[in-house]
Amino acid sequence: MECFEVAGGTALTGRVRVTGAKNSALKLMAAALLAPGRTTIEEVPDILDVAIMSEVLRRLGCEVDYERTGDGGGGGRVVVDVPEKPSTETDYDLVRKMRASINVLGPLVARCGSARVALPGGDAIGSRGLDMHISGLERLGATIVSEHGFLVATAPRLVGASIWLDFPSVGATENLVMAAVLARGTTVVDNAAREPEIVDLCTMLVGMGARIDGAGTSTITVEGVDALSPVTYSTVPDRIVAGTWAIGAVMTQGDVFIERAIGDHLRVALDKLTDAGATVEAKPDGIRVAMDRRPRCVDVVTLPYPGFPTDLQPMAVALAAVSTGTALVTENVYDGRFMFVNELVRLGADIRIDGHHAVVRGRERLSSAPVVATDIRAGAGLVLAGLASDGITEVQDAYHVDRGYPDFVEQLRGLGAQVERTQRPA
Ligand code: EPU
């Protein structure tokens, strides 16, 4: 088992470069399936999930090459060479490892008329339904059945339709837009997700020849076209990685410049840091976050974009745990995203959970202990908590963090943290 050994007591200081967003790059790779030929995607993070998506695409018949670009941000270039006739069946075990694999469903049905995609299941942050993906594709004319752990979708040619999502689901919006770009006629997705990663995907699709209006608003309109062509495209910077460094700077009373971070994509989170007492300067080439005293507790409510991102909630809880006062943190997106709190409590945090609320009473200092990362973001939150603890904190199951943060240890060390990757018997 791989662990992070984190020594507490050092302030994060210096510069860190953020590469492209995991939650965009994975979808851009899936979107490559929509056009035969070589699509090139830049600023793709060198992380486990990208390796898994590459393998999913290879099993569908694509050639996928990844090359690091060596700019210090942990990113690289992916070239996906898509055959005229991709296979339409995904590998069961690969898809189970990563929910984002469901994003090949829309492109495959749209382009090949059928797809057999394993059901990805839930994970350590709660149940993760697919009902909106399924009912939306059915609206577009697909027939979908669930058999032997697979979703099997068929549609000779999808037909545009009006779709109202019950909730602005990121994955459902992406799958439906990727299906609609090759459907006959007009599709309107209402109550669509508005995340920067949705805008990124739509921008790449437009570059491929798709006709899309309204990306970044709650109503996305897609005029189907007959065929798309491959493109070269660069992924939007990762706002969650950037937010992690920003919160880390405040928790450790440091001073960090996050190169390439886009202030506009983190407005609510940065506002919270300002309320906590930090200096926040959003500049064209990045964001500076500095803190010179113990932060103040601030309440946080997670919501779909532009609300406070659920993917930064574990870091927000860790921040409150070392701040002055009491914070109420409300989780509205996942039913199990407070599961990691038990681990934070092992570090001495004072947290009470009541349903989807956490009451966090700040402590001057946490106290190190062995803890377990339960998902990507919980793992990152625990490492930040370790930086604000006395002694050495061991965060076990480091692979979770590797799924989403390229060069995590190297980037932290570049900011002055004393962190090491260690092995121990499982
Ligand atoms: N949901 C349904 N039915 C559906 C779709 C979603 O009930 O058909 C529910 C989910 O169960 C969840 C909520 O809606 O409670 C939000 O799900 P959404 O579809 O918006 O999320 P996602 O597409 O599965 C992406 C990110 C997540 C991020 C969420 C929300 C990727 C690969 N994952 O997931 O990222 O938390 O959007 O912003 O893009 C992470 O990076 O650590 C991560 C979990």
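Excluded from the calculations below are hydrogen atoms, water molecules and symmetry mates; all remaining heavy atoms, backbone and side chain alike, are included. Atoms within each ligand, like the ligands themselves, are counted from 1 in listed order. The structure presented is a predicted model; accordingly, all values stated were derived computationally and were not measured.
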- Message: With a cutoff of 4.0 Å, is E174 in contact with ligand 1, counting heavy atoms of the residue only?
- Response: no
- Query: At the 4.0 Å heavy-atom cut-off, does E197 count as touching ligand 1?
  - Reply: no
Side chain, backbone, both or neither: which part of [X] comes within less than 4.0 Å of ligand 1 when only heavy atoms are counted?
{"X": "R337", "result": "side chain"}
{"X": "Y305", "result": "neither"}
{"X": "D375", "result": "neither"}
{"X": "L130", "result": "backbone"}
{"X": "K22", "result": "side chain"}
{"X": "M132", "result": "both"}

Is there at least one pair of N or O atoms, one from [X] and one from ligand 1, spaced under 3.5 Å apart?
{"X": "V333", "result": "yes"}
{"X": "P168", "result": "no"}
{"X": "I125", "result": "no"}
{"X": "A172", "result": "no"}

Please determine if [X] and [Y] form a salt bridge, counting it only when a charged side-chain N lies under 4.0 Å from a carboxylate O.
{"X": "R260", "Y": "D238", "answer": "no"}
{"X": "R96", "Y": "D93", "answer": "yes"}
{"X": "R346", "Y": "E343", "answer": "yes"}
{"X": "E174", "Y": "K27", "answer": "yes"}
{"X": "R239", "Y": "D264", "answer": "no"}
{"X": "E2", "Y": "R421", "answer": "yes"}

Could you list which atoms of ligand 1 come closer than 4.0 Å to a heavy atom of [X]?
{"X": "K27", "value": "31 (C), 32 (C), 39 (O)"}
{"X": "F167", "value": "13 (C), 14 (O), 16 (C)"}
{"X": "R99", "value": "24 (O)"}
{"X": "T310", "value": "36 (O)"}
{"X": "A100", "value": "32 (C)"}

Contact summary for [X] and [Y], nearest pair of heavy atoms:
{"X": "T252", "Y": "L12", "value": "OG1-N, 3.0 Å"}
{"X": "A327", "Y": "A320", "value": "CB-CB, 3.8 Å"}
{"X": "I351", "Y": "A358", "value": "CG2-CB, 4.2 Å"}
{"X": "A276", "Y": "M291", "value": "O-CE, 3.3 Å"}
{"X": "A318", "Y": "M251", "value": "O-CE, 3.5 Å"}

Return the closest protein heavy atom for [atom] as residue, atom name and distance.
{"atom": "atom 5 (C) of ligand 1", "result": "G129 O, 3.3 Å"}
{"atom": "atom 19 (O) of ligand 1", "result": "S169 OG, 2.6 Å"}
{"atom": "atom 21 (O) of ligand 1", "result": "Y334 OH, 3.8 Å"}
{"atom": "atom 34 (O) of ligand 1", "result": "R128 NH2, 3.2 Å"}
{"atom": "atom 23 (O) of ligand 1", "result": "G171 N, 2.8 Å"}
{"atom": "atom 38 (O) of ligand 1", "result": "V170 CG2, 4.0 Å"}
{"atom": "atom 3 (N) of ligand 1", "result": "D131 OD1, 2.8 Å"}
{"atom": "atom 26 (C) of ligand 1", "result": "N23 ND2, 3.4 Å"}

- Query: Are there more than 12 heavy atoms of other residues, nucleotides or ligands under 6.0 Å from atom CD of E281?
  - Reply: yes
- Only one of K22, R377, Q411 clears side-chain hydrogen bond (donor to acceptor under 3.5 Å, both in side chains) with Y405; which? R377
- With rounding to the nearest 0.5 Å, note down the distance linking CG in L151 to CD1 in I102. 5.5 Å
- Once you round to the nearest 0.5 Å, how far does CD of Q423 lie from CE of M1? 10.0 Å
- Regarding R288 and the six-membered ring of F257, is the cationic atom NZ or CZ under 6.0 Å from the ring centre and inside 45° of its axis? no
- Task: Could you tell me whether atom 42 (O) of ligand 1 has at least one protein heavy atom nearer than 4.0 Å?
- Result: yes
- Message: Less than 4.0 Å from atom 9 (C) of ligand 1, is there any heavy atom belonging to the protein?
- Response: no
